[in-house]
Participant: 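Here it is, the structure, as structure tokens.
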Amino acid sequence: MRPVFHLLTGLALTAAVPAVANNHLSVGQEAQPGSSAPGFVVLRQPQADHTITINVRPVAGQGGDPANHVWERTDPAGNAYTEQRSIRWNATASCAEGIDWIRITGPGGTQTQTFNGSRNAISGFTMYDSFDPDALDAVCLNWGQSMNTACANGDFRNCPPDASFDESRRAIRRSEPIRVSGRCTNGNMPPETYRPRLNLICQRAQ
């Protein structure tokens, strides 16, 4: 079971307050929306297409027909895999009457930060695990198993060492999208849904 995050700790406020170590607070002038401005919250993926590299190989010790061999991911694993899946999203929100709360949901669980109307506008960032590992694994494992015959018995002459999947919707088609929502003190913000851009590289482990 994936952890559920209850605090959007990466979100930085642009209020004129001192920076706090390890809290990602930034210093700036808080933007004041007009009294008639509707509330909103948006995320932006700031970098070029996010890149994740996965190494896969046939499970050792398999007998029978090599065409039926099962593959496994060798790395990354553990925290290194979580770090590869994490994107630093820019976040902006505004409410003329004050921001009540902001929430992000998706592959990385749920993150919520509450303001209770103390801010009219915020701008900052959050690090968020943006891809389902099972969905990413499926792409690379299916790629590997499609080469079972070509890669059988250690004969790699017709066995490509890697493949790139840069069609983000294709590569993460089974990964939950990222949703951001929020509430102003006088009503809900329109929710937004995102499918992050991705360049997935599958490599054959030696």
Participant: Give me the atom names and distance for the closest heavy-atom approach of G39 to C95.
Facilitator: CA-SG, 4.2 Å
Participant: May I ask you to test the I87-Y128 pair for a side-chain heavy-atom distance under 4.5 Å?
Facilitator: no
Participant: Any chance you could measure T92, atom OG1, to R44, atom CZ, to the nearest 0.5 Å?
Facilitator: 7.5 Å
Participant: Where the side chain of N116 meets the backbone of S118, is there a donor-acceptor pair that is under 3.5 Å apart?
Facilitator: no
Participant: Classify the side-chain pair W89/S130 by whether it contains a donor and acceptor separated by less than 3.5 Å.
Facilitator: yes
Participant: Under a 3.5 Å threshold, yes or no: a donor from one side chain and an acceptor from the other, between W71 and N148?
Facilitator: yes
Participant: Go through C202 and D162 one step at a time and tell me if the side chain to side chain contact (heavy atoms under 4.5 Å, CB included) criterion holds.
Facilitator: CA-CA 5 Å; C202 304; D162 56 56; over 6 Å; no
Participant: Using the rule given for side chain to side chain contact (heavy atoms under 4.5 Å, CB included), can you reason through C140 versus L200, listing the C-alpha separation, both sets of side-chain angles and the distance that settles it, and then say yes or no?
Facilitator: CA-CA 9 Å; C140 289; L200 178 61; 4.2 Å; yes
Participant: Report yes or no: do L141 and I201 belong to one cluster of Ile/Leu/Val/Met/Phe/Trp/Tyr joined by side chain heavy-atom distances under 4.5 Å?
Facilitator: no
Participant: Once rounded to the nearest 0.5 Å, what's the spacing between atom NE2 of H69 and atom CZ of R57?
Facilitator: 14.0 Å
Participant: Do H50 and P196 come close enough that some side-chain heavy atom pair is under 4.5 Å?
Facilitator: no
Participant: Suppose the criterion is side-chain hydrogen bond (donor to acceptor under 3.5 Å, both in side chains): which pairs have a residue in residues 184-194, not counting sequence neighbours?
Facilitator: R183-N188
Participant: Report the distance from atom CZ of R119 to atom CD1 of I102, rounding to the nearest 0.5 Å.
Facilitator: 12.0 Å
Participant: Which atom pair, heavy atoms only, marks the closest approach of G182 to V41?
Facilitator: N-CG1, 4.1 Å
Participant: For a quick check under 3.5 Å, do N120 and S94 share a side-chain donor-acceptor pair by atom type?
Facilitator: no
Participant: Any luck finding a side-chain donor-acceptor pair between T126 and Q111 under 3.5 Å?
Facilitator: yes
Participant: Which value, rounded to the nearest 0.5 Å, describes the distance between Q45 atom CD and L198 atom CG?
Facilitator: 8.5 Å
Participant: Do side-chain atoms of Q62 reach the backbone of V70 as a donor and acceptor pair under 3.5 angstrom?
Facilitator: yes
Participant: Are any of the side-chain heavy atoms of C159 and R204 separated by less than 4.5 Å?
Facilitator: yes
Participant: Between atom CZ of F131 and atom OG1 of T82, what is the distance when rounded to the nearest 0.5 Å?
Facilitator: 13.0 Å
Participant: Is the shortest heavy-atom distance from the side chain of I104 to the side chain of L43 under 4.5 Å?
Facilitator: yes
Participant: Is it true that D129 and Y81 share a donor-acceptor pair across their side chains at a distance under 3.5 Å?
Facilitator: no
Participant: Quick one, Q203 and V56 - any side-chain contact, counting heavy atoms below 4.5 Å?
Facilitator: no
Participant: Please answer: with hydrophobic residues joined when any side-chain heavy atoms are less than 4.5 Å apart, are W143 and I54 in the same cluster?
Facilitator: yes
Participant: So C184 and I99, do their side chains get closer than 4.5 Å, heavy atoms only?
Facilitator: no
Participant: Would you find a donor on one side and an acceptor on the other, under 3.5 Å apart, between the side chain of D75 and the backbone of A77?
Facilitator: no
Participant: Tell me yes or no: between the side chains of T112 and R103, is some donor less than 3.5 Å from an acceptor?
Facilitator: yes
Participant: Do V180 and W101 belong together in a cluster built from hydrophobic side chains that touch within less than 4.5 Å?
Facilitator: no
Participant: Flag yes if more than 12 heavy atoms outside N79 fall under 6.0 Å of its CG atom; otherwise flag no.
Facilitator: no
Participant: Rounded to the nearest 0.5 Å, what's the gap from CD on E72 to CG on N55? Could you check?
Facilitator: 11.5 Å
Participant: In sequence, state the C-alpha distance, the side-chain angles, and the governing distance for R85 and I52, and then conclude on side chain to side chain contact (heavy atoms under 4.5 Å, CB included).
Facilitator: CA-CA 7 Å; R85 299 193 308 266; I52 296 176; 4.2 Å; yes
Participant: Which atom pair, heavy atoms only, marks the closest approach of R195 to S175?
Facilitator: NH1-O, 3.3 Å
Participant: Applying side-chain hydrogen bond (donor to acceptor under 3.5 Å, both in side chains), name anything that partners D49, two or more places apart in sequence or on another chain.
Facilitator: R197
